[in-house]
Each structure stands twice: as structure tokens, then as C-alpha cells.
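Read through the structure below, which is laid out as C-alpha cells, and then see the notes.
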Amino acid sequence: MREISSSNLGKDPLLPFAAPSNPGDTEAGDQTSDPASSASGQVLSPEEQRRQKLRDNMFKDGELGKRGEEYVAIQMLLFAGIAFPPDFLFSSLLPLTFFDPSDVWYFNYVIGAALFCIGGWFSSNAVKDLGTNLSPFPKPPTDSELETGGMYAVVRHPIYSGALLLATGLTLLTCSTGRGILTVLLLLLFDKKAAVEEGYLVDKYGRQYQEYKQKVKKLIPYLY
């Protein structure tokens, strides 16, 4: 009978098995190859994986300065202006309100509140539909998939549509001239940003996105 010594383990090709030279190598390899693990080797839950993917979309995916960051910066400024409207800037040229709320309270409050609620519902559902494909930039994430279901079967950019409904509803609720002007500017920005975004999407998905564009409107269902 052939004697097997510990020095022959991992070296003799006739042995039915070979011990790894470093037992820790196998474990380390398993950790780095598992996409559900963090850098420390901790297994991530599905929700943690989703959050990690969204952070990567924001901070790691794509080349900095070439994803359309300027559109996001202007968008944030307009959001801030709509939330805290600078009506004093327009008071010398325009009335502080579009109309007297006491004369048209029904339109002013009921319709405004309805648009505000619909806009919030529209945007929140669109975010859920997009999932881990979500990114604030016009350029889509590298490993993103085309979403055409849910709210994306109603319009091609439902998050933008929902945000515009929110801003319009808030404008009516408060009769704010400043909010009205900034909402119009937000519409122009979203229209331009969507056009830039769709250029990237056509490059990425080709004919599939072209056919989708022919079936679904950009921002307003059945109209535009």
C-alpha cells in the first residue's frame, strides 16, 4: 500500500483530492463572487441590494459630468422655487395671485387639491414601476432595462408628468404667481430633458424604443 504523507497533499496528481494551500482562499473567493454580499462579506437583504443599486446609479454609474447633471441641477432649483416661491420678485409686474380665491374657491381648492393628489399618485407609482432602473440623470444606467408597463404604458415619462401635476395643483391651491411661472419653466425643462433622455434610449434600445415612442405619448396621455 502506498503511504500518503501530509507533504504530498495537493501535489500528487494520483491523489483523489487535494487540500487547498490556504483554507481562507475558497471563502474569500465565494464572498467576492456573490453579488448579494457587501464588501465586508455580509449578505445583503433584497431591500439592501435595491438601495445599493440605486446608490450606484447615482454615484458610480457612468462618467461624471456626462450624464446630464446640468438638467438635474436646474430641476432641483425649480423644485426649491416651487416649494418656496419668490412671489416678491414678480409683485411689481404681476399680481401676487392669478385670481381672487374668494370668487373661485371651488376651482381653486378642489381642482388644485385633486391635481396635487393625482400627481403624487402618478409619480410614486412610476418610481415603483421603474425599480432599480431609477436614475435622476437623462443617461440611463448601464445595466438598465426598458420599462414599458404600468405607468409607462400611459406616458413615456410619468415621473415628470406627476411632478408637473403636483406643481400645478400647488399653484392652484395657493394662487401663487411665482409657482405658476416656475411650473411653466419646469414643463419646458422636462420637455428638453426628456428629449435628451430619449436620444440615449434610442441608442441603447434601438427599434424597440422607437416602436414604444409611436404607441405612447411623452408627457400628456393621448395629447403630447
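Note that the coordinates shown come from a computational prediction; the quantities given were computed from them, not determined experimentally.
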Minimum heavy-atom separation for [X] and [Y], please, with both atom names.
| X | Y | answer |
| --- | --- | --- |
| Tyr200 | Pro140 | CB-CD, 3.5 Å |
| Tyr152 | Pro158 | CE2-CD, 3.3 Å |
| Val216 | Arg156 | O-NH1, 2.6 Å |
| Ala83 | Arg179 | O-NH2, 3.1 Å |
| Pro138 | Val196 | CB-CG1, 4.1 Å |

Residues which pass side-chain contact (heavy atoms from CB on, under 4.5 Å) with Glu145, listed by chain and number, not counting sequence neighbours: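 So Glu145 forms a side-chain contact (heavy atoms from CB on, under 4.5 Å) with Asn133.
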Could you work out, with side-chain contact (heavy atoms from CB on, under 4.5 Å) as the rule, every residue matching Leu165, not counting sequence neighbours?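 Result, side-chain contact (heavy atoms from CB on, under 4.5 Å) vs Leu165: Leu115, Ile118.
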I'd like to check the ring-ring contact (aromatic ring centres under 6.0 Å, His included) partners of Tyr71; sequence neighbours left out, ordered by chain and number.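 Here no residue qualifies.
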How long is the span from the [atom1] atom in [X] to the [atom2] atom in [Y], to the nearest 0.5 Å?
| X | Y | atom1 | atom2 | result |
| --- | --- | --- | --- | --- |
| Lys139 | Lys204 | NZ | NZ | 9.5 Å |
| Thr168 | Ile82 | OG1 | CD1 | 8.5 Å |
| Leu164 | Ile159 | CG | CD1 | 12.0 Å |
| Ile74 | Glu70 | CD1 | CD | 7.0 Å |
| Leu186 | Tyr160 | CG | OH | 10.0 Å |
| Glu69 | Gln75 | CD | CD | 12.5 Å |

Hydrophobic clusters here meaning ILVMFWY residues chained together by side-chain heavy-atom distances under 4.5 Å, can you tell me if [X] and [Y] are in one?
| X | Y | result |
| --- | --- | --- |
| Phe122 | Leu166 | no |
| Val184 | Leu187 | no |
| Met151 | Phe190 | no |
| Leu134 | Val154 | no |

Do His157 and Glu197 come within less than 4.5 Å of each other through their side chains, counting heavy atoms only?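 The answer is yes, as the side chains (C-beta and beyond) meet within the 4.5 Å cut-off.
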Is the closest side-chain heavy-atom distance between Tyr212 and Leu201 below 4.5 Å? no
Between the main-chain N or O of [Y] and the side-chain N or O of [X], is there a donor-acceptor pair closer than 3.5 Å?
| X | Y | answer |
| --- | --- | --- |
| Ser161 | Leu219 | yes |
| Glu147 | Gly149 | yes |
| Asp129 | Gly150 | no |

Would you mind listing every side chain to side chain donor-acceptor pair (under 3.5 Å) that reaches into residues 214-224, with sequence neighbours excluded? Asp191-Lys218, Asp191-Tyr224
Side chain to side chain donor-acceptor pair (under 3.5 Å): which pairs involve residues 111-127, sequence neighbours left out?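 Passing the test, one end in residues 111-127: no pairs.
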Taking ILVMFWY side chains as joined if any heavy atoms are under 4.5 angstrom apart, and letting links pass through other members, which residues group with Phe84?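 Phe84 clusters with nothing; isolated.
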